[in-house]
Amino acid sequence: YLPATEESVVELKHHYNLEDYTGHGEKILIVDDMPAQRDIAKMMLAKLGYAVATVSSGEEAVAYISNNAVEVVLLDMLMDSGIDGLETYRQVKAIHPKQKAVIASGFSETNRVKATIALGANGYVRKPYTLETIGIAMRKALESS
């Protein structure tokens with residue numbers, strides 16, 4: 001059904017240098033109900049030079065943001081108990097209207113992810129993420145206006 005070709009496939013993946021996505025002490029809040037996911041994200045972001053705090057629920061995130069400033073929230077979309085990522089970001093934005101966030105999910109971009117991005121989240125990374133993908137997402141969020 002398709003014409004045959006002998007041309008090779010051209011891969012257009014952009015390769016970044018580590019310096020392109022390292023942090024400079026910026027404070028990141030990780031919100032994830034899975035302890036292993038929080039630990040992995042914390043380890044990766046700390047390795048990249050970010051100051052990292054973690055919480056295990058949307059409610060804890062809202063309480064944390066009420067008393068602490070962070071540059072970016074890394075927000076899991078699906079949490080087993082309590083409020084989900086979208087509702088967490090709504091409540092966080094009520095406290096800090098310009099709060100930057102990166103959405104993390106193990107699933108494809110859902111309507112709730114799209115709604116969170118429409119609300120102002122600065123990006124989306126699919127789990128499992130690599131050091132490069134999470135680092136690039138953080139840099140883009142930090143550099144966004």
Side-chain angles (χ1 to χ4, degrees), residues 1-2 8-145:
Y1 294 94
L2 298 172
S8 61
V9 175
V10 178
E11 208 170 302
L12 297 175
K13 185 173 191 228
H14 187 280
H15 295 281
Y16 294 88
N17 293 319
L18 184 62
E19 298 80 34
D20 294 336
Y21 54 89
T22 54
H24 306 285
E26 297 95 334
K27 187 138 188 195
I28 309 295
L29 176 64
I30 299 167
V31 185
D32 200 309
D33 62 329
M34 302 294 290
Q37 291 292 324
R38 282 194 311 273
D39 292 345
I40 289 168
K42 181 177 182 177
M43 179 189 66
M44 291 174 121
L45 291 171
K47 182 178 179 103
L48 289 172
Y50 294 99
V52 184
T54 64
V55 295
S56 62
S57 70
E59 291 84 357
E60 287 181 38
V62 173
Y64 188 92
I65 293 289
S66 295
N67 299 308
N68 301 278
V70 298
E71 277 80 14
V72 180
V73 176
L74 177 61
L75 183 60
D76 184 26
M77 282 304 295
L78 300 175
M79 292 181 269
D80 284 340
S81 62
I83 59 176
D84 70 354
L86 175 57
E87 185 54 34
T88 300
Y89 194 52
R90 279 188 183 130
Q91 291 184 28
V92 164
K93 293 271 290 185
I95 299 165
H96 295 294
K98 295 185 181 200
Q99 180 64 60
K100 295 177 179 186
V102 172
I103 306 307
S105 179
F107 299 97
S108 296
E109 239 179 280
T110 64
N111 288 336
R112 294 197 66 81
V113 168
K114 291 175 186 171
T116 307
I117 290 172
L119 192 60
N122 305 87
Y124 164 77
V125 290
R126 185 155 185 210
K127 294 179 187 178
Y129 33 76
T130 64
L131 195 62
E132 184 177 325
T133 58
I134 195 66
I136 292 166
M138 286 300 137
R139 289 291 355 134
K140 286 182 179 178
L142 288 164
E143 293 166 3
S144 68
S145 55

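Side-chain atoms are counted along with the backbone in the values below, which use heavy atoms only and exclude waters and symmetry mates.
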In short, A51 meets G25 closest at the heavy-atom pair CB-O, 3.7 Å

Working to the nearest 0.5 Å, report the span between CG of L131 and CD1 of I40.
-> 12.5 Å

dist N122:CG -> M138:CE (nearest 0.5 Å) comes out at 9.5 Å

Positive for side chain to side chain contact (heavy atoms under 4.5 Å, CB included) with L86, one of T116, N111, V113 | T116

Carboxylate-amine/guanidinium proximity below 4.0 Å for D76 and R38 | no

Contact summary for Y64 and V55, nearest pair of heavy atoms | CB-CG1, 4.3 Å

So, are R139 and E26 salt-bridged, with charged N and O less than 4.0 Å apart?
-> yes

Heavy-atom distance under 4.5 Å between the side chains of R90 and I83, does that happen here?
-> no

V73 and Y89, any side-chain heavy atoms less than 4.5 Å apart | no

Residue pair D20 / E132, side-chain heavy-atom distance below 4.5 Å | no

For side-chain contact (heavy atoms from CB on, under 4.5 Å), just list the numbers for V70 and Q99, CA-CA rounded to whole Å, side-chain angles, deciding distance to a tenth of an Å, and then say yes or no.
-> CA-CA 8 Å; V70 298; Q99 180 64 60; 3.7 Å; yes

Straight-line distance of I117 CD1 to R112 CZ, nearest 0.5 Å | 13.5 Å

Ignoring hydrogens and angles, tell me if any N or O in the side chain of K100 forms a donor-acceptor pair with the backbone of L142 under 3.5 Å.
-> yes

Can you measure from CG (D80) to CG (D33) and round to the nearest 0.5 angstrom?
-> 5.0 Å

Heavy-atom closest pair (L48 atom, G135 atom, distance to 0.1 Å) is CD1-CA, 3.6 Å

G58 and T88 have their tightest heavy-atom pair at CA-OG1, 3.1 Å

Distance from M34 atom CE to L78 atom CG, nearest 0.5 Å?
-> 11.5 Å

Rounded to the nearest 0.5 Å, how far does CD1 of I103 lie from NZ of K114?
-> 14.0 Å

Between I134, L45, I30, which is the residue that forms a side chain to side chain contact (heavy atoms under 4.5 Å, CB included) with Y50?
-> L45

What one should report as the nearest heavy-atom pair of A137 and V125 is CB-CG1, 3.4 Å

Pick out which of Q37, K42, K127 makes a side chain to side chain donor-acceptor pair (under 3.5 Å) with D32.
-> K127

Can you tell me if NZ on K140 sees more than 12 non-hydrogen neighbours from other groups inside 6.0 Å?
-> no

Nearest heavy-atom contact between V31 and A61 is CG2-CB, 3.5 Å

